[in-house]
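Structure first, commentary second.
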Amino acid sequence: MTDWNQEKIIGLRKKVLEHEFSRMNSRQREAVFAVNGPLLVLAGAGSGKTTVLVNRIANIVRFGDAYHSSEVKQEPDTGLLDEISRCLETGAPLPESACDTLAINPCPPWKIMSITFTNKAANEMKERLSSLLGKRGEEVWASTFHSTCARMLRRSADRLGFSSHFAIYDSDDSKRLMKECQKALGIDDKKISYKSALSEISHAKDAMIGPEEYLRDAGNDERAAKIGLLYRQYQSRLKNADAMDFDDLIFNTIRLFQKNADVLDYYQNRFRYILVDEYQDTNRAQYLFVKLLSEKSRNLCVVGDDDQSIYQFRGATIENILSFEKTFPNAHVIRLEQNYRSTKTILSAANAVIANNENRKGKTLWTENPAGKKIDAHVSFNEQDEAAYIAGIILDEVSAGRHFSDFAVLYRMNSQSNTLERAFTKSSIPHRVLGGLRFFDRKEVRDMIAYLSVICNPSDEIRLLRIINCPKRAIGDKTVAAATQIAAGIGENLFYVLKHAEEFQPLQRSAKKLTDFANMIQDMNSILLEGKTSLADLYRLMLKKTGYVEALAASGDENAQDRIDNVNELTSSLIQYEEENGDEASLPGYLEEVALLADIDNYDSSSDSVVMMTMHSAKGLEFPVVFLPGFEEGIFPGIQAIFNPSQIEEERRLAYVAITRAKEELHLVCAGSRMIFGSTQRNQPSRFAEEIPKELLEVSRAYERKTPAPEARPSAPSYRTHSAVSHSFGAAWKPAAEKSAEKFRAGDTVIHKTFGRGMVLSAVPMGNDTLLEIAFDQSGTKKLMANYARLQKK
DNA sequence: ATAACGTATCGCCAC
DNA sequence: GATACGTTAT
């Protein structure tokens, strides 16, 4: 092949690749083609980072490093070259054979690891990979840190003295376990709360400090020494229960790598490319994990935004992103600053707010999108009015043609959701609340999970303790304490003691109850091990044997039916899991999935309802209209952050995340007074609202929306005026029950406050309300909800 | 010894 | 406002 030919082929190849990824901007393409070596992508909100990640993987799988390579594998025959040129001209997709010819060092998909933050993001990644790469896309390892580590640990669990089906403890289990440890060591919760102990231990694990080392470091510090003892006890109990907590998953994987060169070597060779999303939210241990894995290949790509780092409270360190270039010499850095999501107004507001932070890399997002509406900053009287205000806007805009699913309400803390929810229910606005009490956090569901865990692994003491007397089996605290003590004394696990209760003098009295219980668990364990029964059937059998549902029904609990429904709902969850995983399905597998589930994972954007969640959960999502209630000092920023500059910066980043979720419209709402933790507080509007340039805002106050009440004065309303106006304000918006009596039908002539006179064309009942189609004399035909359109019949 | 009842406490964000 | 604990009734 002549030099000339080679050059021509390389040139053509570049053209083809650029064409293949032509839907992206040049910066994004740069990231897609920068395949080898460390790469840091600083991706602002809405700059298309998921697209970049997915396409980068697709490029690696299909073309390898062809874009930057000067190598030419073989001279393609002229027929193929002609065909490629034709495709370039017409924009037709490239034949697969052409990809093969052009590719240099393409990478099999299973050699690529992509780590995301939530399962939802991982699934989205998998879906987009499948649509881009077909079946090959499914072979990419795309999951969260925790599931990736769990997967690796199960393979080599024996090296660490765990079984391959070890249990994963979530924070509730950890909490229970820590309380047991405190009890065992006689450490008063008032001196060292289980919370502070757990958080200390979590930090220690993040720094890769084990219990013994921690105790050594404690020295003369009495408190640290006690925590060290708790730490040691906690870990030894976890080990005995064949269980790991969330932090252990990362910690133990790193230990596994450090102590077993062959294992590390295997994974270093196996994964040629590693990609990490949301890198700003990784902690030290996660950084170490990624660093170890990529040491050989050096092909590490991390994507993140220092301005969106909102998990420092749980150990994420912004250092990881700020010092990436130092840690990985010759790292390539690419900034994505074009935003495709929001209007100019929203983006300017976000930029203005985040500019007040000191500690950041600094970047300014821009967009080609239109300026859009001004940001609505509204001051309402109290939290009920705030909720009513939001409900009112939603109804107005739905009447004007928006869908309920266009709206999101993002709040700082879950406890804010109640008032909002009540207002929505009252106005029959379909809505879903994410977070708060998750399905899998409900007591009865946790009980069922505990049963399944114990059936799977009877040495799981924490779960065993949870269910031993639930439903009531007349096994009391004293008996349990005695049994636990015996177990510790003879070095066997609790289950063994229960099973052989007759042999132990102190347990004589309750021996039968204990052995009955143990036998029941063991029977089901045998059935599980036989492997002939489906998980759903095993679960049904378990319900029958334990009599849990009957006990619930007899309990007289007013929510009994709900709880029974939840217990039964778990059957569907098991069936679904089995369907999705086929032969791979296993009880430990199911339990792992459940343990690593985040509530955002259940978010399904397809149903037409308003979604409510915390600002944290909303990271990575976008909505046409976003409401941010509680935009007040003391709520957001939260009271605990106000006197701490670094926490204020984190809150401000959260504000930045929240604001940039909005595509078209943003509403900042605050309340002049609010009931919080049982007492009424009067909060100033949030400093973050003050940081937005005035010209971007459209400020309104509650009394301006309605007919101004004569006693309402524009500045600092007294408590009296406030309550009076608040009442009339609330009443004006509260029409659901009263007004629905007024029925409209086709042919009626009506008057609307803003649209004027019109005639009802059709009336379709919808839930508690009626959807009206009205032809207005002036403003054309509109669809309105009868109860909220404030129509007058003529 | 166990269960039911009443009282004190404490609140965010999440894998 | 729920949940964890301590107290009392069986």
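The chains referred to below are lettered A, B, ... by the order of the sequence lines, with proteins before strands, and numbering in each begins at 1.
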Spacing between [X] atom [atom1] and [N] atom [atom2], to the nearest angstrom:
X        : N      : atom1 : atom2 : result
A:Ile635 : B:dC13 : CD1   : P     : 12 Å
A:Lys619 : B:dC15 : NZ    : C1'   : 11 Å
A:Gln280 : B:dC15 : CD    : P     : 15 Å
A:Gln286 : B:dC15 : CD    : C1'   : 8 Å
A:Asn283 : B:dA14 : CG    : P     : 16 Å
A:Ile250 : B:dA14 : CD1   : P     : 18 Å
A:Arg563 : C:dA2  : CZ    : C1'   : 11 Å
A:Ile639 : B:dC10 : CD1   : P     : 18 Å

If only side-chain N and O atoms of [X] are considered, is one of them under 4.0 Å from the OP1 or OP2 phosphate oxygen of [N]?
X        : N      : value
A:Asn414 : B:dC13 : yes
A:Thr614 : B:dA14 : yes
A:Lys179 : C:dC5  : yes
A:Ser415 : B:dG11 : no

> Of the options A:Asp306, A:Asn283, A:Thr282, which is the one that meets A:Asn320 in a side-chain hydrogen bond (donor to acceptor under 3.5 Å, both in side chains)?
Replying inline: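 Per the side-chain hydrogen bond (donor to acceptor under 3.5 Å, both in side chains) rule, the option paired with A:Asn320 is A:Thr282, out of A:Asp306, A:Asn283, A:Thr282.
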
Nearest of [options] to any side-chain atom of [X]?
X        : options                : answer
A:His616 : C:dA4, B:dA1, B:dA14   : B:dA14
A:Lys195 : B:dA4, B:dA14, B:dG11  : B:dG11
A:Ala474 : B:dA14, B:dA1, B:dA3   : B:dA3
A:Lys175 : C:dA4, B:dT2, B:dC12   : C:dA4
A:Phe246 : B:dC15, B:dC12, B:dA14 : B:dC15

> In terms of the nearest nucleotide of DNA chain B, which residue is placed more toward the 5' end: A:Lys478 or A:Phe145?
Replying inline: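 Looking at DNA chain B, the more 5' nearest nucleotide goes with A:Lys478.
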
>> Using heavy-atom distances to pick each residue's nearest nucleotide on DNA chain B, tell me which of A:Ile475 and A:Ile310 is more 5'.
In response: A:Ile475

Would you indicate what [X] reaches in the nucleic acid, counting non-hydrogen atoms under 4.0 angstrom: base, sugar-phosphate, or nothing?
X        : result
A:Tyr311 : sugar-phosphate
A:Lys443 : nothing
A:Asn469 : sugar-phosphate
A:Thr479 : sugar-phosphate

> Is the ring centre of A:Phe313 under 5.5 Å from the base ring centre of B:dC13, and are the two planes under 30° apart, so that they stack?
Replying inline: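 According to the criterion (under 5.5 Å, under 30°), yes, A:Phe313 stacks.
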
Basic-acidic side-chain contact under 4.0 Å: [X], [Y]:
X        : Y        : answer
A:Arg687 : A:Glu691 : no
A:Asp173 : A:Arg446 : yes
A:Asp245 : A:Lys205 : yes

>> Tell me whether the rings of A:Phe627 and A:His667 are parallel (<30°), tilted (30 to 60°) or perpendicular (>60°).
In response: parallel

> Relative to the ring of A:Phe313, is the ring of A:Tyr311 parallel (under 30°), tilted (30 to 60°) or perpendicular (over 60°)?
Replying inline: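 Taking A:Phe313 first and then A:Tyr311, their aromatic rings sit tilted (interplane angle of 30° to 60°).
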
